[in-house]
Amino acid sequence: MPINAESGEFKPMIVAFCCNWCSYAGADLAGSSRLSYPADVKIIRVPCSCRVNPLFMLRAFQRGADGVIMCGCHPGDCHYTSGNYFARRRMALLFSMLEYLGIEKGRVRVEWVSAAEGQKFAITMNQFAETVAALGECKRLEDLRCQP
Amino acid sequence: MPAVKEIQEKMRARAGELLRDGGVSMALGWKRGEFCHDPEPAFFESEAELDNFVYDGFSSPLLSKYLIETIRKDKQKGEGKGSKFLVFLKPCDSYGLNLLLKEHRVERERVYAVGVGCPGMLDVDKIRAAGVKNMRSFDETETEVTIHASSGDKTLARRDILLEKCLVCKGPEFAVQDEVLAPGLPSFEGGDRFAGVTELESMSPEERFSFWRNELSRCIRCNACRNACPVCSCNKCVFDNPQSGVQAKSNADSFEENMFHIVRAFHVAGRCSDCGECSRVCPQKIPLHLLNRKFIKDINAFYGAFQAGADAEARAPLTNYEFGDVEPGAVVKRGGGA
Ligand code: SF4
Ligand code: SF4
């Protein structure tokens with residue numbers, strides 16, 4: 001959402017839900033390996049990707065996110081055995097519904113990132129930030145009551 | 001005598017029998033509402049009360065949901081323990097009851113479910129659209145309905161004034177019942193219930209967005225859709241939370257309505273039996289079935305055909321998974337459930 005007052009450059013606000021066991025550790029690794037990814041990616045740590053209620057995603061948009069991404073352990077690697085399988089079904093349906101309501105395709109994404117994939121985390125976030133930046137501010141899911 | 005009236009008399013007689021013989025302590029049915037076209041759900045505790053019993057082409061309200069409260073109150077009273085409640089079900093209503101049973105909202109042993117044949121339920125808006133004003137009464141058969149109104153008498157083909165859900169009827173079978181009265185009425189099944197969804201899917205995102213803006217911005221957040229729904233049966237609903245930001249209507253922007261409708265549809269995804277009640281009760285005529293059916297269509301496409309409520313044992317698609325399930329990214333790329 002923030003548009004730099006001086007340069008007029010648009011920097012999307014991105015919310016990333018990362019599961020504690022794989023993706024958050026992956027993000028950590030990206031950090032400790034000094035890989036760069038956009039500073040506007042706000043990471044929210046969740047115990048498991050399955051914890052991500054579709055409402056959380058919508059809530060993030062409500063509070064001004066321009067893109068929301070959910071990261072979890074690779075299918076088969078979930079710390080709780082099957083959480084990410086349930087999350088996968090939910091997200092598939094949610095994404096399809098958002099598209100059906102005419103929300104731009106690129107604003108939501110799911111990516112499986114393991115604890116060893118710091119690089120993948122950084123690349124994913126860079127790509128995602130690019131996609132969302134190209135889409136511009138999220139107007140179709142905005143909530144004026146939450147504007148600063 | 002038209003078949004529908006006969007069924008009504010059969011039902012009234014059977015309810016009387018069951019109430020008298022002590023088999024059931026209360027019967028859930030319909031009685032005449034303010035107008036002839038809005039029979040309302042009603043509780044009958046004695047044979048005498050059954051004089052008001054109505055079953056006709058407008059008996060669409062789904063009754064099973066009232067069982068939750070009825071049984072709860074009965075338990076609170078502490079008396080009448082173990083008494084049964086009679087509920088009348090049209091074939092499509094039986095899916096809703098099956099879901100209530102499956103989700104442990106209603107105990108099977110407290111219910112006596114009587115299935116009744118359905119002639120296809122009528123849509124008063126379609127009757128009005130046909131030029132009828134101030135409808136006073138009507139006579140119906142399985143194929144024709146004659147309306148008596150201040151605008152004069154008019155006979156309409158039943159098929160032309162059916163509710164949308166009846167044009168895509170699930171058929172005359174019951175998903176759950178203890179006995180069936182008047183089975184085998186012809187149903188109007190055969191329509192493509194996903195036609196509307198497919199049409200929307202073929203539009204551009206901009207067109208879709210403005211279509212839904214136009215529809216959803218009319219929502220007044222009366223919660224009728226939620227209250228009528230047999231699977232919206234949580235004790236505590238997320239929309240009743242004053243912190244949710246979606247408890248009341250905000251006129252400011254699109255978010256509140258999108259949020260409400262996405263979440264409501266999502267909460268019933270994989271559980272919605274497509275009974276059509278939400279769309280029917282919406283005072284703003286918002287086509288909620290287009291949201292529910294999108295989920296149903298996607299579920300069918302991604303995870304295999306599933307009819308909620310048909311089988312009380314089956315695992316709902318969202319509480320299940322397979323290793324090879326489609327990736328959310330792939331869904332978006334290929335543009336929804338095709
Ligand atoms: S969402 Fe609508 S169609 Fe689906 S079960 Fe509930 S009331 Fe029936
Ligand atoms: S019944 Fe219609 S107007 Fe009422 S809350 Fe539901 S969609 Fe909105």
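Here is the naming used below: chain letters follow the sequence lines, and residue numbers restart at 1 for every chain.
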(request) To the nearest 0.5 Å, tell me how far E215(B) CD sits from L101(A) CG. (result) 11.5 Å

(request) Look up atom CG in L93(A) and atom CD1 in I262(B), then write down how far apart they are to the nearest 0.5 Å. (result)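 Separation between the atoms: 12.5 Å.
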
(request) Look at the aromatic rings of Y321(B) and F86(A) and report parallel, tilted or perpendicular, splitting at 30° and 60°. (result) perpendicular

(request) May I have the step-by-step check of side chain to side chain contact (heavy atoms under 4.5 Å, CB included) for F266(B) and L55(A), ending in yes or no? (result) CA-CA 9 Å; F266(B) 201 95; L55(A) 220 143; over 6 Å; no

(request) Please determine if E206(B) and R140(A) form a salt bridge, counting it only when a charged side-chain N lies under 4.0 Å from a carboxylate O. (result) yes

(message) Are M97(A) and L291(B) packed together at the side-chain level, in the sense that at least one heavy-atom pair is separated by less than 4.5 angstrom?
(response) yes

(request) Answer yes or no: is there a side-chain heavy-atom contact under 4.5 Å between N258(B) and L98(A)? (result) no

(request) Inspect the surroundings of CD in E130(A) and state if more than 12 heavy atoms from other residues, nucleotides or ligands are less than 6.0 Å away. (result)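 Counting other residues, nucleotides and ligands, CD of E130(A) stays at 12 neighbours or fewer.
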
(message) Can you tell me if F211(B) has over 12 outside heavy atoms packed within less than 6.0 Å of its CZ?
(response) yes

(message) Just to verify, which of R88(A), R89(A), R109(A) counts as forming a salt bridge (charged side-chain N to carboxylate O under 4.0 Å, His left out) with E327(B)?
(response)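 Exactly one option meets the salt bridge (charged side-chain N to carboxylate O under 4.0 Å, His left out) with E327(B), and it is R88(A).
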
(request) Could you pull out the closest heavy-atom pair between V331(B) and S96(A), with the gap in Å? (result) CG1-CB, 3.6 Å

(request) Kindly give the heavy-atom pair with the smallest separation between L200(B) and Y100(A), and that separation in Å. (result) CD1-OH, 3.2 Å

(message) If I measure from the heavy atoms of chain A, does L318(B) come under 4.5 Å with its side chain, its backbone, both, or neither?
(response) both

(request) Return yes if some donor-acceptor pair links the side-chain N/O of R208(B) with the main-chain N/O of E99(A) below 3.5 Å, else return no. (result) yes

(request) Sort out for me which of F295(B), Y303(B), F323(B) touches chain A most, counting heavy-atom pairs under 4.5 Å. (result) Y303(B)

